[in-house]
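Everything below concerns the one structure shown next.
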There are 2 protein chains.
Amino acid sequence: MPRWEHGSEDRLKKAAIELFDEQGFENTSVIEISERARVTTRTFFRYFSDKREVLFAGSDELRAMLVEKILQAPDVGEPLKVVTAVLSEFDWESLGSRNSQRQRQAVIAANPELLERDLSKNHSIAVGFMDALRQRGVDADIARLAAHVGIQLFCTAYIHWLEAGVKSDLALMSESAMSLLASIVPTNAQLPFPGEKSARVAAKQADRSPLRRTGQR
Amino acid sequence: MPRWEHGSEDRLKKAAIELFDEQGFENTSVIEISERARVTTRTFFRYFSDKREVLFAGSDELRAMLVEKILQAPDVGEPLKVVTAVLSEFDWESLGSRNSQRQRQAVIAANPELLERDLSKNHSIAVGFMDALRQRGVDADIARLAAHVGIQLFCTAYIHWLEAGVKSDLALMSESAMSLLASIVPTNAQLPFPGEKSARVAAKQADRSPLRRTGQR
DNA sequence: GTCTATAGTCCGATAGAC
DNA sequence: GTCTATCGGACTATAGAC
């Protein structure tokens with residue numbers, strides 16, 4: 001018989017989610033969580049660097065996996081599509097039932113500190129994507145935009161996916177978000193340098209000072 | 001003769017920035033900051049809800065001002081442009097010299113907690129923009145995308161603006177970022193609505209139910 | 001596993017400005 | 001007298017050090 005129970009981490013996670021749901025994040029102390037999980041606070045902080053992290057366990061591994069997908073993508077000629085594709089193709093249901101994900105999002109949305117951490121996690125995925133795209137030879141500014149905008153597109157899709165019925169498809173939602181984006185991005189005809197300054201000239205100007213652009217497209 | 005010195009808030013801000021710069025954010029306690037500003041920690045927390053906020057003082061007012069610009073915009077037919085225009089037209093130099101802004105960004109980038117707060121502030125501006133656009137009659141999903149993507153475009157521009165020489169122009173930088181985005185978003189030919197040319201028409205369709213629609217593509 | 005520093009809150013008191 | 005800014009001190013929880 002073990003001197004201590006095993007599975008402390010899982011018990012802590014379970015206890016935390018239960019308590020946050022019952023009485024809110026800020027009304028729940030680490031002491032309470034630890035007591036319910038039958039460990040000391042010391043053990044809590046052994047597994048989670050701070051109180052919020054208990055809701056984001058595994059996010060580092062998820063990010064690493066997604067970044068790897070970017071690095072392995074057969075073609076990064078359309079970086080925005082690569083990003084949304086990687087995100088859409090992941091099996092999000094594997095992270096828990098849609099209902100539990102909805103509940104988790106609700107807990108997060110209800111607390112500024114948790115929202116802050118959530119944004120931070122998404123941002124670090126974006127940075128991972130950006131770096132991966134750059135490694136694949138994508139221009140730095142394009143990589144940044146593709147990573148951040150791609151994630152934003154996915155978030156829009158994810159929101160709808162969470163709220164929708166079981167039949168809904170994330171990839172389809174992402175496509176819709178992409179169409180929506182295409183509909184609000186000014187086309188070349190509406191660009192700052194019309195007429196005498198064609199898109200080519202605009203690109204050349206961009207090359208010199210503002211945002212260096214490499215010759216794609 | 002006043003029993004206490006006036007201008008505690010300013011002294012606290014100044015002391016905090018100095019100390020963060022000298023010895024880093026996490027190596028500086030609120031006690032230290034308060035001592036240098038000749039007040040107690042109680043006074044610090046009267047002005048700043050937490051230790052990080054001292055670096056983001058005035059951000060609520062800035063957000064309110066920018067949101068108001070969105071509400072007052074003559075036309076929101078091109079929501080993405082409205083967002084980038086509002087951000088570009090603001091006089092950022094009024095917040096301090098470019099050098100001091102560079103230094104501030106460096107301090108923030110060097111600390112995860114501060115980065116987290118920074119992201120959170122940007123996000124709340126995005127939410128403000130989104131709500132304002134919706135108030136102006138823009139479809140919810142378009143408003144969300146325009147707000148978040150617009151801010152991302154501006155961030156890209158801002159990064160370059162900070163690094164560039166005095167001659168650089170934020171509006172121009174934003175235009176460049178917009179062109180860059182246009183270059184990576186799949187064109188209409190690849191869209192589910194091949195017949196549509198005008199962004200406004202697409203937006204109108206979106207009005208009805210962009211992402212809820214199941215039969216596209 | 002215990003001990004300690006820091007963050008952040010609450011309440012009451014006090015001095016000056018209006 | 002009322003309002004505002006400050007102080008003092010006691011208190012809890014987080015988080016890290018020993």
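Remember, it's a predicted structure, so these values are computed and weren't measured experimentally. So that the names make sense, note that chain A is the first sequence line, chain B the second, and so on, each numbered from 1.
No hydrogens or angles considered: a donor-acceptor pair under 3.5 Å links the side chains of B:Gln101 and B:Tyr158. A side-chain donor-acceptor contact under 3.5 Å links B:Ser88 and B:Ser174.
The ring-ring contact (aromatic ring centres under 6.0 Å, His included) contacts involving residues 57-76 of chain B comprise nothing, where partners must be two or more places apart or lie in separate chains. The side chain to side chain donor-acceptor pair (under 3.5 Å) contacts involving residues 122-134 of chain B comprise B:Arg63-B:Ser124, where partners must be two or more places apart or lie in separate chains. Listed by first then second residue, pairs satisfying ring-ring contact (aromatic ring centres under 6.0 Å, His included) with a partner in residues 61-84 of chain B number zero, not counting sequence neighbours.
A search for side-chain hydrogen bond (donor to acceptor under 3.5 Å, both in side chains) contacts involving B:Glu35 returns nothing, not counting sequence neighbours. In this structure, the ring pair (Phe, Tyr, Trp, His ring centres under 6.0 Å) partners of A:Phe48, at least two apart in sequence or on a different chain, are A:Phe44. Shown here are the side-chain hydrogen bond (donor to acceptor under 3.5 Å, both in side chains) partners of A:Gln23, two or more places apart in sequence or in another chain: A:Thr28, A:Glu32. Not a single ring pair (Phe, Tyr, Trp, His ring centres under 6.0 Å) links B:Tyr47 to another residue, sequence neighbours left out. Under the ring pair (Phe, Tyr, Trp, His ring centres under 6.0 Å) criterion, A:Phe25 pairs with A:Phe20, sequence neighbours left out.
The stretch residues 108-116 of chain A does not touch DNA chain D, since none of its heavy atoms comes less than 4.0 Å from the strand. For the segment residues 53-61 of chain A, no residue has any heavy atom less than 4.0 angstrom from an atom of DNA chain D.
Comparing the start and finish of the helix from C:dG1-D:dC18 to C:dC18-D:dG1, five pairs each, the helix axis swings through 10°, to the nearest 10 degrees.
Atom CG in B:Leu19 sits about 16 Å away from atom C1' in C:dT6, given to the nearest Å. Look at CD on B:Glu9: it is 10 Å from P on D:dA5, rounded to the nearest Å.
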Nucleotide by nucleotide, nucleotides 11-16 of chain D touches protein heavy atoms under 4.0 Å in the pattern (B base, S sugar-phosphate only, - none) ---SBS
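Within a 6.0 Å sphere centred on CZ of A:Arg46, other residues, nucleotides and ligands contribute 12 heavy atoms or fewer. Within a 6.0 Å radius of NZ in A:Lys121, more than 12 heavy atoms belonging to other residues, nucleotides or ligands are found.
No salt bridge links A:Lys51 with A:Glu113; every basic N to acidic carboxylate O contact stays at or beyond 4.0 Å.
Residue A:Arg46 is classed as having no contact, given no heavy-atom separation below 4.0 Å to the nucleic acid.
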